[in-house]
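Below is one structure; the comments refer to it alone.
Below, read A as the first sequence line, B as the second, and so on, with proteins coming before strands; counting in each chain starts at 1. None of the values given here were measured: they were computed from a predicted structure.
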Amino acid sequence: MPKLKKSSNVDPKQLVSSTGNYWLLKSEPMVFSIDDLIKAPRQVTCWDGVRNYQARNILRDQMQVGDLALFHHSNAKPPAVVGVVQIARAGYPDHTAFDPENDHYDAKSHRAEPTWYMVDVKFVLKFAVPLSIQDLKQLPGLKKMMLLQRGSRLSVQPVRPAEFAVIVQAGCLVQHS
DNA sequence: GCCAACGTTGGC
DNA sequence: GCCAACGTTGGC
């Protein structure tokens, strides 16, 4: 059993959303990973390409600047929560829907009345070790977490404050060598 | 590769 | 509006 200590440069107790909102954002790491975000200019990116109405409603209506979100690598081996980001800009039209060259083009979305929205996210931290779904199932208090429900597909999900706290605490532990 | 759990499409 | 067929997501 390896000893664990807290990472020196991150205090998970400081990771509290001023807005009280917490989310989880899924991304396939082959498409866009947390390392891509770390390398992005100013470590900010627009969260484009969401084409699901339930997720769109969250992006457009609920996310606020300052909200914190877990960054989840979906379709990965293994799928895992890998870090934390902060909402840097609230919902605005997803312009990739207007671009016929874009993979996420949607001919039915128009600039005057956009169908799809996105937010900007800023990198906050990368966990010392990815927390796989198997890892998460071992943690206390996550039985009802949306990500862990069977068949849960929503790519933008609400996360309860207690769930966020448990996951960030676990993610900020690093192993002694 | 399988399949659960949706979401979308389109005939009626 | 109903619903069967099909498509997608994403864990397993």
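Applying the side-chain contact (heavy atoms from CB on, under 4.5 Å) criterion to A/K39, with sequence neighbours excluded, gives A/D36. Shown here are the side-chain contact (heavy atoms from CB on, under 4.5 Å) partners of A/Q149, two or more places apart in sequence or in another chain: A/S152. Contacts of A/S18 classified as side-chain contact (heavy atoms from CB on, under 4.5 Å), with partners at least two apart in sequence or in another chain: none. Scored by the side-chain contact (heavy atoms from CB on, under 4.5 Å) test, A/A69 finds A/W23, A/L25, A/V85 as partners (sequence neighbours excluded).
Contacts of residues 30-37 of chain A with DNA chain C (heavy atom under 4.0 Å): none. Heavy-atom distances under 4.0 Å link DNA chain C to no residue of residues 45-61 of chain A.
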Exercise. At under 4.0 Å between heavy atoms, which parts of nucleotides 2-12 of chain C does protein reach? Answer with one letter per nucleotide, 5' to 3': B base, S sugar-phosphate only, - none.
Key: -----BBBBSS

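Legend: salt bridge (charged side-chain N to carboxylate O under 4.0 Å, His left out) pairs involving residues 145-168 of chain A, not counting sequence neighbours, sorted by first then second residue: A/R160-A/E163. Among pairs with a residue in residues 128-142 of chain A, those fulfilling side chain to side chain donor-acceptor pair (under 3.5 Å) read A/S132-A/D135, at least two apart in sequence or across chains. Sorted by first then second residue, the side chain to side chain donor-acceptor pair (under 3.5 Å) pairs that include residues 116-131 of chain A, not counting sequence neighbours, are A/D35-A/K126, A/Y92-A/D120, A/D106-A/W116. Pairs of residues two or more places apart, or lying in two chains, that qualify as side chain to side chain donor-acceptor pair (under 3.5 Å) and include a residue from residues 73-89 of chain A are A/E28-A/N75. Applying the side chain to side chain donor-acceptor pair (under 3.5 Å) test to residues at least two apart or on different chains, the pairs with a partner in residues 96-105 of chain A are A/R51-A/T96, A/D94-A/T96.
Using modelled atom types, no side-chain atom of A/Q169 and backbone atom of A/V166 make a donor-acceptor pair closer than 3.5 Å.
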